[in-house]
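Beneath this line is the structure, given in structure tokens, with notes to follow.
Per chain, numbering begins at 1; letters A, B, ... match sequence-line order. In what follows, every heavy atom counts, from backbone to side chain, and hydrogens, waters and symmetry copies are set aside.
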There are 2 protein chains.
Amino acid sequence: MINYGEYLKALRQSKGLTLREVEKETNVSNAYLSQLESNKIKQPSPTTLYKLAGLYGIKYEKLMEKVGYPVPKYNNNLKIKEEVYGLSKSLGDISYDEEIELLDYLKFIRNRKK
Amino acid sequence: MINYGEYLKALRQSKGLTLREVEKETNVSNAYLSQLESNKIKQPSPTTLYKLAGLYGIKYEKLMEKVGYPVPKYNNNLKIKEEVYGLSKSLGDISYDEEIELLDYLKFIRNRKK
DNA sequence: TATATTTGCATAGTATATTTAGCAATTTTG
DNA sequence: CAAAATTGCTAAATATACTATGCAAATATA
């Protein structure tokens, strides 16, 4: 059983968005979003995934993969990858589970002093 | 209204295959294949398209596009850049202090279960 | 030619994606 | 504190993907 819902929920909360705010931006009903985040939907349509990926700032293909759809393979050139610098380099390679935890922790950080 | 059915039919016939032969290879029912070829299905699932693309020897992405699904674009450096920065993009803009905290927390995560 | 097999397709049924409506708990506001 | 708004969620309704069954026309075989 694939668990993409937890990931979607962590993404949304890390951005401080409510289900209804996401609904406004994506035209996906808040009720359906809730079902997605609790893994009640096996395979949401690519179009739905595309909208969410856009709003949350992640790659469409990543959601496709999480949901279990075939994803076209491309040439990931490791050399070029290594030449690029930035935050992700400072963090290094992180796993999917770690990313969820970091998103969660970021939410905690930002709501700490209120 | 998108016309991908005609394309699928032309592909199948060019290979001299019957609906039932395609069914055997892809596990998609011949009845459904018939509906696909006459555009009675708006958006067949990516998995179905993937099977057909494989058998017919065309690109999966091409069928995705024909059907009207969003298709990830692969062929530029921006793409690779996005992959590398995927994490920071999903996290959004984070401050220097936040980055330090995240790095610290990541270290904590990785030393936790030992 | 007669009959058996194959072929594409139509129809009905099942599974599942997505929306609408509404409710209980929480949060906001005065 | 009390009323009002907001939030996440559930259940029922609807839309649509996909399959099982079967049939009429075409084709193969004798």
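Contacts of residues 26-35 of chain A with DNA chain D (heavy atom under 4.0 Å): A:N30, A:A31, A:S34, A:Q35. Contacts with DNA chain D (heavy atom under 4.0 Å) in residues 49-57 of chain B: none are found.
B:K59 has its side chain out of reach of B:M64: every pair of non-hydrogen atoms, C-beta onward, lies at least 4.5 Å apart.
For D:dC18, one of the phosphate oxygens OP1 or OP2 lies less than 4.0 angstrom from a side-chain nitrogen or oxygen of B:S45. Under 4.0 angstrom from either OP1 or OP2 of C:dA10 there lies at least one side-chain N or O belonging to B:K40.
The side chain of A:R20 has D:dG8 as its nearest neighbour among D:dG8, D:dT16, C:dT18. The side chain of A:I41 sits closest to C:dT18 out of D:dG8, C:dT18, C:dT16. The side chain of B:K9 approaches C:dC9 more closely than any other nucleotide in the set D:dT7, C:dC9, C:dT7.
Residue A:T48 is classed as a sugar-phosphate contact, given heavy-atom separations below 4.0 Å to backbone atoms only.
A:L19 has its CG atom 13 Å from the P atom of C:dT19, to the nearest Å. Atom CD in A:E23 sits roughly 11 Å away from atom P in D:dT7 (whole-Å rounding). For B:K24 and C:dT6, the NZ to P distance is 10 Å, given to the nearest whole Å. The nearest whole Å value for the distance from the CG atom in A:L36 to the C1' atom in C:dT19 is 12 Å.
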Determine, stepwise, if the pair A:E37 / A:R12 fulfils salt bridge (charged side-chain N to carboxylate O under 4.0 Å, His left out). CA-CA 10 Å; A:E37 292 185 357; A:R12 176 176 60 83; 2.7 Å; yes
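The nucleotide D:dA30 finds its pairing partner in C:dT1, both defining distances of the Watson-Crick or G-U wobble pair being shorter than 3.5 Å.
Separating the NZ atom in A:K9 from the OG atom in A:S14 is a distance of 13.0 Å, to the nearest 0.5 Å.
Side-chain N or O atoms of A:Y60 include none that pairs as donor or acceptor with a backbone N or O of A:T47 at under 3.5 Å. Although no hydrogens or angles enter the test, the distance criterion places no donor-acceptor pair under 3.5 Å between the side chain of A:T48 and the main chain of A:P44.
Under a cutoff of 6.0 Å and an axis angle of 45°, B:K15 and B:Y56 do not form a cation-pi pair.
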